[in-house]
There are 2 protein chains.
Amino acid sequence: MKAHADQVGGKVLKGDLQDLTKKGIPVSTNDLAEEISASAASVTDMIKKLNEKKYVDYQRYQGTLLTLEGGRLATKLVRRHRLWECFLVEKLGYGWEEVHELAEQLEHVQSEDLVDRLEEFLDFPRFDPHGDLIPDRTGRFTLRTQQPLSSMSIDDRAEVVGVAIHDSQFLKFLGDMNIEIGIQFKILEKFDYDGSMRIVIDGSQPTLISPVIAKNIHVKKI
Amino acid sequence: MKAHADQVGGKVLKGDLQDLTKKGIPVSTNDLAEEISASAASVTDMIKKLNEKKYVDYQRYQGTLLTLEGGRLATKLVRRHRLWECFLVEKLGYGWEEVHELAEQLEHVQSEDLVDRLEEFLDFPRFDPHGDLIPDRTGRFTLRTQQPLSSMSIDDRAEVVGVAIHDSQFLKFLGDMNIEIGIQFKILEKFDYDGSMRIVIDGSQPTLISPVIAKNIHVKKI
DNA sequence: TTAAATTTTTAGACAAGACTAAAAATAAAT
DNA sequence: ATTTATTTTTAGTCTTGTCTAAAAATTTAA
Ligand SMILES: [Mn+2]
Ligand SMILES: [Mn+2]
Ligand SMILES: [Mn+2]
Ligand SMILES: [Mn+2]
């Protein structure tokens with residue numbers, strides 16, 4: 001159910017949830033179980049019910065795929081989740097590392113209208129605090145050019161547009177290094193040995209970025 | 001679980017949830033069942049569990065009372081509910097007749113901190129859109145002098161401070177008559193026959209108020 | 001191409017929360 | 001003080017969502 005804007009670099013174009021997931025590749029029962037911390041047996045049971053209701057395409061032993069209807073529902077959930085995250089950060093002053101769990105609860109409040117009003121109240125934000133895209137009322141959103149920081153070269157200049165991981169430890173760590181959405185920087189060095197990079201954030205001192213970190217920061221070349 | 005500020009006219013003083021409910025009078029199993037639209041059997045089952053957890057005092061056939069701990073929990077829920085109602089009206093532009101059901105969902109989001117921040121964001125409102133008191137972080141609140149409009153006499157001037165019924169039909173009806181929290185008016189006539197009243201809202205035309213309506217509007221004499 | 005390892009499903013059980021129908025306790029009426 | 005009516009509880013069942021252990025299917029390796 002979780003969308004991964006990260007996997008879709010390239011041109012700006014319209015997309016739906018399918019574009020945000022690994023297109024057409026079924027997810028395994030075990031992976032789902034792992035993701036939601038439940039047993040594989042429970043996942044099988046539930047998936048069968050969702051299949052009955054036509055929210056997923058499921059054939060035993062072959063994994064699971066969202067149907068169009070399931071995708072629509074999932075997109076709505078993603079929309080709600082991300083708008084609530086915006087609210088928590090923009091209006092209640094939470095940090096980007098604190099909002100996911102709260103949004104997980106708020107997203108289950110049933111009311112289309114509430115979310116639409118929330119969106120208006122927030123002035124129609126296009127991205128959530130982690131840089132993820134917010135689908136509009138109709139489920140559409142605009143894709144964005146982006147690439148992992150690890151793919152940049154020396155002397156490139158770039159802007160941080162998102163993160164691949166929402167883990168609060170990771171986000172807090174980035175925060176401590178003053179790395180946040182919107183900051184611009186230049187690549188000073190890239191070490192062939194392990195791919196570590198030295199970058200300099202405009203108006204600040206140079207920082208060393210480990211390859212694992214670099215892979216999980218999404219940037220836009222400028 | 002629902003607090004009734006209406007039952008406590010009189011002097012301004014500190015209170016807790018006990019003050020807001022019919023003090024010490026146990027609620028019957030059937031009344032609870034009616035209130036939540038469940039069977040009496042279900043209520044008995046659940047009450048037994050709450051009794052186990054010490055949230056209520058229950059003895060079979062004798063009805064149910066909140067314990068101190070249960071009261072504290074209930075107060076928190078009431079606080080959350082009312083703050084969310086404020087949010088929906090103040091920030092998202094909902095009408096007072098639309099917010100109860102949404103707040104019923106939002107109140108179940110688990111996070112003390114979230115509610116405290118919401119309260120601050122709303123500038124520490126003391127009353128919700130229906131004029132009900134909002135407990136503070138510690139569960140305390142200040143009682144307010146009030147009486148039903150039906151108890152006023154000719155030539156009295158008063159201000160609307162709340163409503164006894166939260167039914168959306170009733171609230172919409174009041175709205176249509178331009179009766180809302182904060183408006184001030186004068187009693188022109190009171191008909192002995194059935195208790196109907198004619199009132200005039202400052203800067204408007206006189207209106208006729210039926211006794212049922214008058215009983216459910218809380219006012220403060222001025 | 002068969003055997004071993006892994007993944008996924010089934011079978012069976014359990015807890016929570018609901019319900020209906022019948023029994024028991026309490027309250028009201030004669 | 002009995003009888004009758006009402007309220008409340010118990011008994012038994014159902015549904016939903018979860019789990020573990022064992023069986024079945026698929027994938028990987030020999
Ligand atoms: Mn999130
Ligand atoms: Mn996010
Ligand atoms: Mn309410
Ligand atoms: Mn209210």
Side-chain angles (χ1 to χ4, degrees), chain A residues 1-2 4 21-67 69-70 73-74 76-78 80-81 100-101 103-111, chain B residues 1-2 4 21-67 69-71 73-74 76-78 80-81 100-101 103-110:
Chain A
M1 293 297 204
K2 192 171 293 175
H4 291 282
T21 52
K22 304 193 185 86
K23 295 182 209 268
I25 297 170
V27 61
S28 82
T29 299
N30 265 4
D31 284 358
L32 281 175
E34 166 78 10
E35 180 71 30
I36 66 173
S37 308
S39 75
S42 301
V43 170
T44 301
D45 283 354
M46 186 53 70
I47 284 295
K48 280 201 251 176
K49 290 172 194 166
L50 293 176
N51 189 60
E52 285 301 307
K53 293 180 182 159
K54 301 281 175 68
Y55 292 139
V56 298
D57 274 335
Y58 159 78
Q59 287 161 243
R60 43 207 253 299
Y61 294 102
Q62 302 310 129
T64 303
L65 226 54
L66 282 172
T67 60
E69 186 52 25
L73 234 64
K76 280 184 190 165
L77 218 48
V78 166
R80 282 187 255 177
H81 181 96
H100 180 77
E101 288 71 20
E104 203 111 71
Q105 296 186 60
L106 288 161
E107 75 190 5
H108 290 111
V109 174
Q110 296 291 2
S111 166
Chain B
M1 291 298 202
K2 192 171 297 177
H4 291 281
T21 53
K22 303 195 183 84
K23 295 183 208 266
I25 298 170
V27 61
S28 82
T29 300
N30 265 4
D31 285 358
L32 281 176
E34 167 78 10
E35 178 70 31
I36 65 173
S37 309
S39 74
S42 302
V43 169
T44 301
D45 283 355
M46 184 55 69
I47 284 294
K48 280 200 251 176
K49 290 173 194 165
L50 293 176
N51 190 61
E52 285 301 307
K53 293 182 181 157
K54 302 278 174 65
Y55 293 139
V56 298
D57 275 335
Y58 159 79
Q59 286 161 242
R60 40 206 253 300
Y61 295 100
Q62 302 311 129
T64 304
L65 225 54
L66 281 173
T67 61
E69 186 53 24
L73 235 63
K76 280 184 190 166
L77 219 48
V78 167
R80 282 186 255 175
H81 181 95
H100 179 77
E101 289 70 20
E104 202 111 70
Q105 296 186 59
L106 287 161
E107 76 190 5
H108 290 110
V109 174
Q110 297 291 359

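Every chain is numbered from 1, with letters handed out A, B, ... down the list of sequences. Scope of the values below: all heavy atoms of this structure, side chains included, with no hydrogens, waters or symmetry mates.
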Q | Spacing of A:Asn30 atom CG relative to D:dT26 atom C1', expressed in whole Å | A | 13 Å
**Q.** Side-chain N,O (A:Ser42) to OP1/OP2 (D:dC19) below 4.0 Å
**A.** yes
**Q.** Atom pair NZ/OG1 of A:Lys48 and A:Thr64 - distance to nearest 0.5 Å
**A.** 11.5 Å
(Q) Output the rounded distance in Å from CZ (A:Arg60) to C1' (D:dT26). (A) 12 Å
Q: Find the distance A:Gln62:CD to D:dT26:C1' and express it as a whole number of Å.
A: 8 Å
**Q.** Shortest non-hydrogen separation from B:Val56 to B:Asn51 and the atoms involved
**A.** O-OD1, 3.0 Å
Q: Could you state the atom-to-atom distance from CG of A:Leu32 to P of D:dG17 in whole Å?
A: 16 Å
**Q.** Euclidean distance, atom CD1 of residue A:Ile36 to atom C1' of D:dC19 [Å, nearest integer]
**A.** 13 Å
Q | Nearest-0.5 Å distance that lies between atom CD in A:Glu101 and atom CD in B:Gln110 | A | 14.5 Å
Q.
Of the options D:dT16, D:dA11, D:dC19, whose atoms approach the side-chain atoms of A:Ala41 most closely?
A. D:dC19
Q | Contact boundaries on DNA chain C for chain A, cut-off under 4.0 Å to non-hydrogen atoms | A | C:dT7 to C:dT10
Q. Distance from B:Ile47 atom CD1 to B:Tyr55 atom OH, nearest 0.5 Å?
A. 13.5 Å
Q: Determine whether more than 12 heavy atoms belonging to other residues, nucleotides or ligands lie under 6.0 Å from atom CD of A:Glu34.
A: no
**Q.** d(CD1, B:Ile47; P, D:dT10) in whole Å
**A.** 13 Å
Q: Could you say whether B:Thr44 or A:Ala38 is positioned toward the 5' end of DNA chain D, judged by the nucleotide with the nearest heavy atom to each?
A: B:Thr44
Q: Describe the nucleic acid contact of B:Thr29 in one word from base, sugar-phosphate, nothing, applying a heavy-atom distance below 4.0 Å.
A: sugar-phosphate
Q: Calculate, to the nearest 0.5 Å, the distance between atoms NE2 and NE2 belonging to B:His81 and B:His108 respectively.
A: 10.0 Å
